[in-house]
Amino acid sequence: MGNDPTPPDLDALLPRAFYARPAHVVAPELLGRILVSGTGDATVALRITEVEAYEGETDPASHGWRGRTPRNATMFGPAGHLYVYWIYGMHHAANVVCGTEGVSHGVLVRAGEIVTGHAEATDRRPAARSPKELAQGPGRLADALGITRALDGTDVCDAHAPIRLAAGEPVRRGRVRHGPRTGVSRAHDTPWRYWIADDPTVSRYRRHTPRKRSPKPGDPE
DNA sequence: AGCCGGATCATCT
DNA sequence: GATGATCCGGCTG
């Protein structure tokens, strides 16, 4: 929690082959890795503490489940690219594309700890009441890193890309926890959310709550 | 500290 | 026209 004696190496990026495996296999191995946005003074780096896997071919909760569309096209592309989507009319969320080309696998980066660029992140997330809230949840994380739909398709294996993914320090198996995914309405039994045990930046689990529909004439009270 | 409801719009049916 | 891989504020306890 205190200041790291040795700051992480933000230039040692993970190779594309790392991502070329099923999303639920890659997901736990992404914990402890570093997502880096921007350069120079505007650099913000985040140590990943919570992720969720989605696999379109077998997974009704995945955006890829009903096939390729303009929105989710990046998920069907090559591994190691960023799939960014816009949801609830107000939030962005970032996934790392996994698996093989033509298959829609992705890992949603749900939460993390800001390790570099604290001031810049706070500037983008004025609502955060403490450092741990800066990127506690996918929408907050996207805000803190300045991730928008304009960055959809970014190659995170490219050292010159606006968003990169550095190797950081992988988390020991014994420190990884897993359970059902947050906020999904389907496939509740698939325990593909992974997080670092006891990490304060991990978001609280929230079950999906169905939206109240607008009343129609003739409906019972 | 935890639960609940409203906000808000791109995407797909 | 309904829905959603969410967040925030307000209320309860």
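Every heavy atom of this structure was used, including side-chain atoms; hydrogens, water molecules and symmetry mates were not. A note on names: the letters A, B, ... follow the listed sequences, proteins ahead of strands, and every chain is numbered from 1.
- For a distance-only test at 3.5 Å, the side chain of A/H63 qualifies as a donor-acceptor partner of the base of C/dA5.
- Ion pairing of A/D199 with A/K132 is absent here, as no side-chain N (NZ or NE/NH1/NH2) approaches a carboxylate O to less than 4.0 Å.
- For A/R193 and C/dA5, the shortest distance from a side-chain N or O to OP1 or OP2 is not below 4.0 Å.
- Nucleotide C/dA5 holds its P atom 19 Å from the CZ atom of A/R204, rounded to whole Å.
- Within the nucleic acid shown, A/R71 comes within 4.0 Å of sugar-phosphate atoms alone, with no base atom in reach, counting heavy atoms only.
- In this model, the phosphate group of C/dG4 is approached by a side-chain N or O of A/H208 to a distance below 4.0 Å at OP1 or OP2.
- In a base pair of the Watson-Crick type (N1 to N3 plus N6-O4 or O6-N4) or a G-U wobble (N1-O2 and O6-N3), with each distance short of 3.5 Å, B/dT8 is matched with no nucleotide.
- The side chain of A/T182 lies closest to C/dT6, out of B/dC4, C/dT6, B/dT11.
- Using a 4.5 Å heavy-atom cutoff, the side chains of A/Y83 and A/S104 are not in contact.
- A/R181 has its CZ atom 14 Å from the C1' atom of C/dG4, to the nearest Å.
- A/S203 has its side chain within reach of A/R193: a pair of non-hydrogen atoms, C-beta onward, lies under 4.5 Å apart.
- Among residue pairs with one or both ends in residues 145-163 of chain A, those qualifying as side chain to side chain donor-acceptor pair (under 3.5 Å) are A/R16-A/D155, A/T74-A/D152; sequence neighbours excluded.
- C/dA5 atom P lies 16 Å from atom CD of A/E55, rounded to whole Å.
- For A/S185, a side-chain nitrogen or oxygen approaches OP1 or OP2 of C/dG4 to under 4.0 Å.
- Of the two residues near DNA chain C, A/R186 and A/R129, the one whose nearest nucleotide lies more 5' is A/R186.
- Under the 3.5 Å distance criterion, the side-chain polar atoms of A/E55 are matched with a main-chain donor or acceptor of A/A23.
- Among the nucleotides C/dA5, B/dT11, B/dG2, the one closest to the side chain of A/V184 is C/dA5.
- Summarising the geometry, the separation between CZ on A/R207 and P on C/dT6 is reported as 15 Å, rounded to the nearest angstrom.
- Contact between A/P28 and A/V176 at its shortest, heavy atoms only, is CB-CG1, 4.3 Å.
- Of the candidates C/dA5, B/dC12, C/dC7, B/dC12 carries the atom nearest the A/T69 side chain, counting heavy atoms from C-beta on.
- Shown for residues 81-100 of chain A: residues whose heavy atoms fall under 4.0 angstrom of DNA chain B, namely A/W86, A/Y88, A/G89, A/M90.
- Between the CZ atom of A/R66 and the P atom of C/dT3 there is a distance of 12 Å, rounded to whole Å.
- Looking only at distances, a side-chain donor or acceptor of A/R124 sits under 3.5 Å from a matching main-chain atom of A/A144.
- Distances shorter than 4.0 Å separate some side-chain N or O of A/R140 from OP1 or OP2 on C/dC8.
- To the nearest angstrom, P of C/dT6 lies 11 Å from OH of A/Y205.
- What separates CH2 of A/W65 from P of B/dC12 is a distance of 17 Å, to the nearest Å.
- Remark: the backbone N or O of A/I196 is not paired with any side-chain donor or acceptor of A/R177 at under 3.5 angstrom.
- One interatomic measurement links the two molecules: CD of A/E133 to P of B/dA1, which rounds to 11 Å at whole-angstrom precision.
- Here A/R125 does not reach the OP1 or OP2 of C/dC7: none of its side-chain N or O atoms lies under 4.0 Å away.
- Searching all strands for a Watson-Crick or G-U wobble partner of B/dG2 with both distances below 3.5 Å returns C/dC11.
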